[in-house]
Amino acid sequence: MDYNQLEPKKVFAYFKNISDIPRGSGNEEAVAKYVFDTVTALGHKAVMDEANNVFVRAKAAPGYEDRTPIMMQGHLDMVCEANRSTKHDFLTDPIRLLLDGDRLHADGTTLGADDGVAVAVMLAILDSPELPRPELECLFTTDEETGLTGMRAFDPSCVKSRRMINLDSATEGEAIVSCAGGVRSHVYFPYETVPVPENYTVCTLSVGGLFGGHSGEDIHLGRTGAISAFARLLYAAQKVCDIRLTNITGGSRDNAIPRECSADAAVSDYAAFETAVRAEEAKIRAKLAADDEKFCVTLSPAAADAFLTAESSAKLVELLRILPNGVHEMDRLIPGLVETSSNLGVIRPAEAENTYEIVVLSRSSVESKIDDLEHRVECAALLAGGTFEHINRYPGWDFTVGSSLQQLFLDTYYNLFGRRAQILGIHAGLECGLLKNKVPDMDMISIAPNIRDLHSPDESLSVSSMARVWKLVCEMLKNA
Ligand SMILES: [Zn+2]
């Protein structure tokens, strides 16, 4: 493929260059050096910090010296996913680019348009001295995809701008203007065990077939989480017989709605247990979202030696029933946007002996609501005799009323393309939340060209959309 054919030429030339440099999360040093060397050779001032973030300052174009500066930002790292049939070493091999009509994609791997688009656009702008624009600050961050550690470590004292265009979303014609913050709360539930009581029936209870999805972006779809469904079944059954549980596992990642949950149970009256489980299952089934049509509850014979005591079993079920889960509140300014939610995402044996670990991921665009959810998780843990810890909290970004940057985006998009663009919020994290926390009066938007199937080997970038977004960014800088 001849990249010189693609427009805008400089953007695609830089995209090709960074695609040749492996840059999975945590492995950004080489690409950061490339960016640093490139912009320094172009005559700009740049610093590379200990986290390998690169911050660049470019003088205003002639005649634009009295305008206030503006900042652009995107992340250097990419998600590394390959098809099973594709041989690819993400530490050494370049991403092989393929063009299919308007779709630029990679040969069996993620493309890295998320967020290589931002890197290529910023480099192309820094390499275009003819573009009219104010003083420009460009921030290239690291490790967005796995821990936001680059932006966490970034020292904002060098930043002069109070307006920033982030280039890390995925849909043209939209600007994201609000995102959720979050926290992972780990609850540790210690228990005691006893041997199986005589005359108890031992079985495995499994909940499965649920659709799952992203715990932020899909939480409003009304899908059922497997752990909460599992707890509902057991709490109902607990009313009719004595139950002792063991080998409880559910969910795999805290940021995914759990699809499966199971445990072994020793029950005093199997017939009553089964009747109660099936009755509760019918209640859940009656209110399922269409995506969850494969929901199934299975009971099968099992064998196990030691079980939680009756008291520990009951307390654990009660804990799972009262931990916050699902949508709590919708945004008051942006229709359809979830403001606050929780995902009861994982239950598994903890590293400590005779302890279960339960993980709840809470999200909100309002900081005090995250505090509130932390407290609710704490209370549930304490009532159950457990302990808790909150990990990796990151701030959200609340909608700014009267933002001039939002207006500049809307006007410029309409003037260029004759279509109205939209502004919206997302119920997931963005680096903007962390930056807003460091520079509270920063006016920000997040925009991008059309990128499909992010984080998967099907990821593709629309070339024509990239060309429009390039025009849009140049025009916004001119009028900023
Ligand atoms: Zn990204």
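Residue numbers run from 1 in the order of the sequence given. Just the heavy atoms: all of them, side chains too, but no hydrogens, waters or symmetry mates, feed the values below. Counting starts at 1 for both ligands and their atoms, in listed order.
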Quick one: sort the F90 and H88 rings into parallel, tilted or perpendicular, breaks at 30° and 60°. tilted

Contact flag D115/the Zn ion (ligand 1), N/O/S atoms, threshold under 2.8 Å: no

Verify the distance criterion only: is there a donor paired with an acceptor across the side chains of S215 and R363 at less than 3.5 Å? yes

Determine which of the N, O or S atoms in D114 is closest to the Zn ion (ligand 1) and give its atom name. OD1

If a pair satisfies salt bridge (charged side-chain N to carboxylate O under 4.0 Å, His left out) and one of its residues is in residues 38-61, list it, with sequence neighbours excluded. R57-E135, R57-E137

Please name the atom of H75, restricted to N, O or S, that is closest to the Zn ion (ligand 1). NE2

Determine whether a donor-acceptor pair (N or O, by modelled atom type, separation under 3.5 Å) exists between the side chain of D292 and the backbone of T224. yes

When you measure from the Zn ion (ligand 1) to each N, O or S atom of D168, which atom gives the shortest distance? OD1

